J.: 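My structure is below; once you've seen it, I'll send some questions.
Below, read A as the first sequence line, B as the second, and so on, with proteins coming before strands; counting in each chain starts at 1. As the structure is a computational prediction, the values presented were derived from the model and not from experiment.
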Amino acid sequence: MTSAEYERERAEVEKTWAEKPGWLGQLMVVNHRTVALRYLVTTFVFFLLAGLMAAAMRLQLARADNDLIGPDLYNQLFSMHGSVMMFLFAVPVLEAMGIYLVPLMVGARNIAFPRLNAFSYWVFLFGGLMIFIAFALDIGPEAGWFSYVPLAGPEFSPGKRQDFWAQLITFTELSALIVSVEIIVTAFKLRTPGMTLKRIPLFVWAQVATAFMVLFAMPAVMLGSSFLISDRLVGTHFFNPAEGGDALLWQHLFWFFGHPEVYIIFVPALGIVSEIVAAFTRRAVFGYLPVVLSLLATAILSFGLWVHHMFTTGLPPAGMSFFTAASLLIAIPTGVQIFCWIATFATGGRLRFHTPLLFVVGFFFIFIIGGLTGVMVASATLDSQFHDSYFVVAHLHYVLIGGALFPLVGGIYYWFPKMTGRMLSERAGRWQFWLFFIGFNVTFFPMHILGIEGMTRRIYTYSASSGWEGLNQLATGGALMIAASVVVLIANIISSLRKARTAGDNPWDAPGLEWATSSPPPPSNFVRPLVVTSRTPLWVTPHPETVIGLPTGIRSVLVTRVHDAEPHHISVFPTPSIWPFLSAIAVTILFIGSIFTPWALVWGAVPVAIGLIGWFWPTKEETATHCKYEVKPPREAPPPSEPAELRL
Amino acid sequence: MHSALQPVGPRAELIADLMLLFFAVSAVVYVIVIAFLVWAIMRARERAVQLGPAATAQADRKSKVAVGVGAALTVLTLAGLAASDFIVGAILRQPPADPLRVLVTGHQFWWEIEYDDPVPGNRLRTANELHIPVGRPVQLIFTSRDVIHSFWIPSAMGKMDLIPGRTTNEIIQVSQPGTFTGQCAEFCGFQHSKMRLTLHARPAEEFDAWRQRQLAPAREPQTQEARRGQQVFMQSSCILCHSVQGTAAAATVAPDLTHIASRRTIAAGSLPNTPSALASWVLDPQRIKPGSRMPASRLPPDDLSALVAYLTSLQ
Amino acid sequence: MCSRSSEPRERATAALLSPYRAGVASVVVVMLLLCACEREERQFSAQGGSSPSAASMAPASITLSDLQPGVSTQARRGERELEVNAFSISEGQRLYEWFNCNGCHANGGGAIGPALMDDVWIYGSAPANIYATIVQGRPNGMPSFRGRIPEQQVWQIVAYVRSLSGQARKDAMPSRTDSMQVKPRQVALPREEPKSSAPPSGNQP
Amino acid sequence: MAFSAHAQSSADEWAIPARDFANTRFSPLADINAGNVGSLTVSFTFSTGYLRGHEAAPIVVGGRMFIITPYPNVLFALDLRSAGAPMLWRFEPKPSASAQGVACCDVVNRGVTYADGRLFFNTLDGQTVAVDAESGRELWRVKLGNINLGESMTMAPLVVKNKVLVGNSGGEFGVRGWLTALDAQTGRQLWRAYSTGPDKDVLIGPDFKPFYESDRGRDLGVSSWPPGAWQRGGGTVWGWISYDPELNLIYYGTSNPGPWNPEQRPGDNKWTAGVFARDPDSGEARWFYQFNPHDLFDYDGVNENVLVEIPVNGTPRKVLLHPDRNGYLYVIDRASGEVISAKPFVHVNTIESVDLKSGRPNYSQSRIPQVGKVVRDICPHAGGGKDWQPSAWSPQTKLLYIPHQNLCQDEEVTPANYIAGTPYIGATVKMYPGPGGHRGALTAWDPVGSRVAWEITENFPVWSGALATAGNLVFYGTLDGWFKAVDARNGKTLWQFKAGSGIVGQPVTYRGPDGKQHIAVMAGVGGWAGGVVAGDLDTRDASAGDGWAAAVPDLPKFTSKGGTLYVFSLK
């Protein structure tokens, strides 16, 4: 094949996969990278807003008996902070990394179900906008991100504040469930030939484990939030103990989701750590199999721990012991991964201390503390002291910021060149790291002590006689350092974006397939599917073999078999469409309407139905293409996409 | 200052000891893991750019052993910690002999406390201050009238939730006299922050004397002003929510004030119990505790001072 | 804009935080904004504007009769501030039970006292009328709570009482309570058109 | 019946609401009998002009009939000697209108009583009034109850040995119950016996010899309550008083303890929900028996105590028969207070049995009310197996004719907040028909065999009193306005008449100046059961009328308000 042929093919593929121009085109985007970048920017904005809320709370707590912020606003602030950080930042931002990277890493041209993917983003965006607008209108949630009933129930939370919270859950969980399905299908069916199960990148494994957790955990909280809103709106009695309901039912439903939620946030971050460690030690992570099994074990075990959030509710002792044991058990797979990474450091090549690795090392220092305090709160006996105190605030931030945010920021520094074609400043990166690392510890380490000294969570003020003022001032000081570090990050991103695209395809000399294409990648990611023969393909062959023969005039994607990634058939992927956007608007109308009237479920279904009908309305041409490539032929005839036609 | 690590009773001591054990083990684990990490990083910084496949394979064999040992040690450590937790938990769960039974009911945003007694006429009701005899185990029986609260006195006991529609219970035992503070630990609304309580532990005789005094109906006001204050109390909104034993005031949706003057704090530990604090609390509670259930009363100054005189006479 | 509370410091904070709030809020129609504020504000103490105006409270403005010689001047005044506020109605619901209103009027169906969820209003259905009924008492058994229930709380009770027959904003009305369900929730019942009628038992209102 | 010789009324008259001290409501008149009752017809009627529940019994003495209305407690004297019984006089005591706000269960009055040319009655606002029966002139009035504490008075006084015995109402308002003896001549208070509090207030002295251990001890009226709770503990005396001249003892029941929510009053709550035997001269208590220690369901003990002599294990004994709210019929030795038997006369699932050794009921654990939980299927409901509506005893059939309801309820207790002068209940109830689906019944009970002899079921509760006559007839009325005569031996309905309003009054019979036997009853729906109509309740709220809205939501379709006296005689 001549290079001219290749160039023609490239041009054709690029034309086929190009998005539509114009502002309408912007609303029709189905490319996973564009959607992922939108997710990233949106979640980052939500992160900034929730961070400002945290800063406001820290200012209020800086002094004893401070009256900067009253209880009404404070309660909304911490409820928003928790809900936004969990539902609108931590989960979606890591899913966004998955949406961006999983197809690239498995060598696919797009994520599975791209229109659904676009739909998930719009639903997520509208849900996020809804809650922030509600907050701006004084309808922000006020019963915490956990919304315990009866406080969040109809009697004790009048008005619509909690209903908006419940619908926020519905919005975000809907989008999270959609993304999980896409990631699972992408990782299982769209892997490039040769990428057998044993060659799947660790980040993809982490995303798959996470996606399965989402599939099993999120329905519990969606059920819970639906129960809550129906208790509030139509007067059901799910949580009314007088009429046979139970306030603890909410806690069970919530934490059956809420505990896996922590791992949903933290497992993908482990995947990031593995990728960065491998890249900067110049070797594949030691112990691929144990690490993968640990990820899967974490995903499974995470469903057996939820009761450790309820140790002080007076549950039977046998139950408490079971959940203590289970909670301790989950430390084992995490420990194994940490040991494997240390072994990787110990046996890898010479370390290149770039910012991404700096954040990963910071992850070790912080996350291990969070893990160890996790062991402490897993003890039912000790938890009776730690529960709902600032000790837990410290613990959870050590786990979530240490365990997820540090790797995430590292990952941003690591993949920024791929996403934008530009490098972030190393110098600013170091500044940011040290500000963040020190600020973080100054903010949150004292909280362990405050918790032991009796400072409880979610208090908007404390008395001078409590003796908590000094450490609280320290924590506020630390919070300002964190804020400064975030400013440095923003400045770094902005200034980098103004520079030229000089990063090149593989600035870190990393082994993954995402580095085998240009930065940023072309609309189809790869002109031709690559063929993989190793866990570290680019280190083995910097220019892997490609699959040819895929039709170029249609959005053809090679579908492979789950276990051995042998090509199976060609799937025709959908083109840009406005219907996901319109359907998302219809769903938004239904969800927001049902805050005010149950009839919204009835009349709101009409626009949703219209949206879906438009979305799935078949055209003759499409049907013909699909039939040609996707309908399984009768056994006797050879399938059209047999390897015979593909030259590897 | 009160801390879970400054226990004042045998049960809290056990928890504190367990906590110290966990801290110590955690510290050792942390130091070891970080030491290995730093060692590995330092080693890797000085190494050649990339190891050859043979060297990697050899190192991997060592790593396998190391990771295996690490995992095994993790399992052992966790098993040890779990066992210590189970043992301490089992000890704490043993039912004490002859406990004093106290019913604690959570309200937004105060604690109702009632001492159980086989003779109903000796059941004492009070609020926000838990008095107990030193040395004797006290069984606290919890429930809530509205939302979920959680009872916590760090230096004396762990938390226990107060859940509407359920009863929970926990034992508290204090071995030294003193006053210890605590507060609601489960978010319960606007004034979760100022839903505080104090524990007063005192020798058994003193406790019995206190209990007898508290059982008596309120003292009749002695001074002219206090008498007028009583009138103000009975003719204003106070009587719709509060009770003073021995008078017509017997409402129960707010703390019992029969012996309000004997308490150290008011408004669930938000203010010291001084005449001026009392006056400002009565006048505008929403400034002090916004969102609390106590409404502002627009009493003229002389009525207010008479009322305060009456309340401070309720020893 | 939204004022959250009468606390000046708190308002200052709200202003401090307002840049980003305003940024988000700017996309929203002003109408919607006003609605939400009215409904969601948590008014802890009386010094806000949430009590009906002094004019409508003055005894002079309270009438108990539909009959006015000459041309009738009766008109419904803008006394609905509290009835659009969910927190006030909810507080009223709590106080209705705390102060034993339910002892006589049950959960709106009546017992010793007349039903409050129907369309019959012996002493007038306007908020000022109900306020007067609570404060002044009524001759046939309604006690006078003058000096007993603080003014702001009376208004909250008024708002709740009116919600019992649907005279409040639908999205501000309370839903079920955490207790035994004995009647359909206010929002599930039709709004009753108030009638200034005495019950058929002339001697027994 | 040696005892009925001492009755207050002559054979032809009906001088006190229960007709005799023994509370039998049995008339020896037999002109109207099972054979001819079918031709009973209205001889005259009289409209009272009032619209609330007319629970009083017409009183007939010396050719006059005296009837009293609910609030405002107007007393009418009708001349039976003249055709059509024209009004002789009317007496208006003008009680405070505000008293209507503290009458828990309609503004009823249960009757006026006659003694020595005087009429005695209570007004709703807590006064006892004596009126000259001849002239209708007020002789004296004393204020005994304070409406600002929630006290009202609805019961019919009883005059014993020149003492007017009266008690207060307000068990739902946290009042402290009492029985007071007044000098019939002057109205001077002779003694007052409280139902709660220290022994000296309860008039418990050295002669107090209760049969059961749990009623012995000092100041149980204080120590069986949480501190101070006895001061608002109920135990009001709003029911019937019986008198045994031979033993010289009066018997009366005390009402439920307050509030209904039992969690707020741990302890036995002496001396509520039980029966006292007292010496009428000094008021000193002789014995007490508590039907419902630590009452859980508003089971007042105020129902009538019918004094009879029945064979117990072959030997005749002087007993009192007491059909209690809790659904058990107690046979109690009236000299000692020993419970001879206690058997349920309706479907009861709140009490498993009554332990005759300790005298205490065994409460079903599954039905114990609890704050924050709805307890379902409580039978009988708060109104009890039978409420105030008095039963009648026929010495001929040896059966007790019990008018009663058949209702169950769901209940949630809530913390009641005591504010003097406002209700103090702490319970939300939703009532509904009991097993069988009928809401009322008239049951003929054989106290010797402890069994139901026969029973007539009614769609609506039977909230009227019963009347038994020597003509082997039993009369009663229903809430929807039927007035019925049935055969005392087998319960066969022999005659019925539809009155203008529901009947909650007490039927009486007398021989008029015309020499004919008459039957008289007041119609006029109301009372707790009829409040749905009398109070114009909105039945969409099942808790309206303290739960009755759910029990009889259809009542407004069957009857309407209005008090009328109906007098019947044979054609």
J.: Which region of B/Gln108, side chain (C-beta onward) or backbone (N, CA, C, O), has a non-hydrogen atom less than 4.5 Å from a non-hydrogen atom of chain A, or is it both or neither?
T.: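 For B/Gln108, the side chain is the part near chain A, not the backbone.
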
J.: I'd like a table of donor-acceptor pairs (distance under 3.5 Å, sequence neighbours excluded) in which one partner is a side-chain atom from residues 66-79 of chain B, with atom names and distances.
T.:
residue : atom : partner : partner atom : Å
B/Thr74 : OG1  : B/Gly70 : O            : 2.6
B/Thr77 : OG1  : B/Leu73 : O            : 2.6

J.: For the candidates B/Ala90, B/Ala40, B/Ser144, which exhibits the highest count of non-hydrogen atom pairs separated by less than 4.5 Å from chain A?
T.: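 Most pairs with chain A among the choices: B/Ala40.
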
J.: Quick one: what part of B/Arg45 sits under 4.5 Å from any heavy atom of chain A, side chain, backbone, both or neither?
T.: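 Contact with chain A involves both backbone and side-chain atoms of B/Arg45.
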
J.: Tell me, with the steps shown, if A/Arg458 and A/Asp388 meet salt bridge (charged side-chain N to carboxylate O under 4.0 Å, His left out).
T.: CA-CA 9 Å; A/Arg458 297 148 192 152; A/Asp388 271 339; 3.0 Å; yes

J.: Side chain, backbone, both or neither: which part of B/Asn169 has a heavy atom under 4.5 Å from chain A?
T.: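 Neither; nothing under 4.5 Å.
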
J.: Is it the backbone or the side chain of B/Phe36 that comes under 4.5 Å from a heavy atom of chain A, or both, or neither?
T.: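 Looking at B/Phe36, backbone and side chain both touch chain A.
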
J.: With a 4.5 Å heavy-atom cut-off, do A/Phe146 and A/Leu151 have their side chains touching?
T.: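 They are not in side-chain contact.
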
J.: Heavy-atom distances under 4.5 Å only: say whether A/Gln251 touches chain B with side chain, backbone, both or neither.
T.: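 Side chain of A/Gln251 only, per the 4.5 Å heavy-atom cut-off to chain B.
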
J.: Taking the six-membered ring for Trp, are A/Trp145 and A/Phe254 ring centroids under 6.0 Å apart?
T.: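 Yes, close enough.
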
J.: Which bit of B/Ile34 comes within less than 4.5 Å of chain A, counting heavy atoms only: side chain, backbone, both or neither?
T.: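 When you check distances to chain A, only side chain atoms of B/Ile34 fall under 4.5 Å.
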
J.: Under 4.5 Å heavy-atom distance to chain B, tell me which part of A/Ser379 shows up: side chain, backbone, both or neither.
T.: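 Both parts, backbone and side chain.
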
J.: Distance from A/Leu249 atom CG to A/Asn240 atom CG, nearest 0.5 Å?
T.: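 Here the interatomic distance stands at 12.0 Å.
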
J.: Between B/Thr168 and chain A, which part of the residue has a heavy atom less than 4.5 Å away: side chain, backbone, both or neither?
T.: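 The answer is the side chain of B/Thr168.
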
J.: Within a strict 4.5 Å, meaning less than it, do heavy atoms of the A/Asp246 and B/Arg166 side chains meet?
T.: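 In short, these two side chains touch, coming nearer than 4.5 Å.
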
J.: Quick check on B/Gln191 against chain A: is it the side chain, the backbone, both or neither that has a heavy atom closer than 4.5 Å?
T.: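 Contact with chain A is through the side chain of B/Gln191 alone.
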
J.: I need the minimum non-hydrogen distance between B/Glu170 and B/Met160, along with the two atoms involved.
T.: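 Minimum heavy-atom contact is OE1-CE, 3.6 Å.
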
J.: So which part of A/Phe78 gets closer than 4.5 Å to some heavy atom of chain B, the side chain, the backbone, both or neither?
T.: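 For A/Phe78, the side chain is the part near chain B, not the backbone.
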
J.: Ignoring hydrogens and geometry beyond distance, is a side-chain donor-acceptor pair present between B/Glu129 and B/Trp111 at under 3.5 Å?
T.: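 No, no side-chain donor-acceptor pair sits under 3.5 Å.
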
J.: For A/Ile338, which atoms come within 4.5 Å of any heavy atom of chain B: side chain, backbone, both, or neither?
T.: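 For A/Ile338, side-chain heavy atoms alone lie under 4.5 Å from chain B.
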
J.: Taking B/Gly165, B/Pro154, B/Ala16, B/Ser150 one by one, which has the highest count of heavy-atom pairs under 4.5 Å against chain A?
T.: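 Max contact count across the listed options: B/Pro154.
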
J.: Checking heavy atoms, do the side chain of B/Leu92, its backbone, both or neither come under 4.5 Å from chain A?
T.: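 Just its side chain gets close to chain A.
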
J.: Ring centroids only, cut at 6.0 angstrom: are A/His448 and A/Tyr398 within range, meaning strictly under it?
T.: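 Distance test on ring centres: under 6.0 Å, yes.
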
J.: Which atoms of A/Glu155 come close to chain B, meaning under 4.5 Å heavy atom to heavy atom: side chain ones, backbone ones, both, or neither?
T.: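 Looking at A/Glu155, nothing touches chain B.
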
J.: Could you tell me which portion of B/Ile163 (side chain, backbone, both or neither) has an atom closer than 4.5 angstrom to a non-hydrogen atom of chain A?
T.: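 Side chain only.
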
J.: Under a 4.5 Å heavy-atom cutoff, which of A/Ala325, A/Pro317, A/Ala143, A/Gly144 has the most pairs with chain B?
T.: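 Most heavy-atom pairs within the cutoff with chain B belong to A/Pro317.
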
J.: Between atom CD of B/Gln94 and atom CZ of B/Arg11, what is the distance when rounded to the nearest 0.5 Å?
T.: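 One gets 9.5 Å once the value is rounded to the nearest 0.5 Å.
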
J.: Identify which part of A/Phe311 has an atom lying under 4.5 Å from any heavy atom of chain B, answering side chain, backbone, both or neither.
T.: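 Neither part; nothing is under 4.5 Å.
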
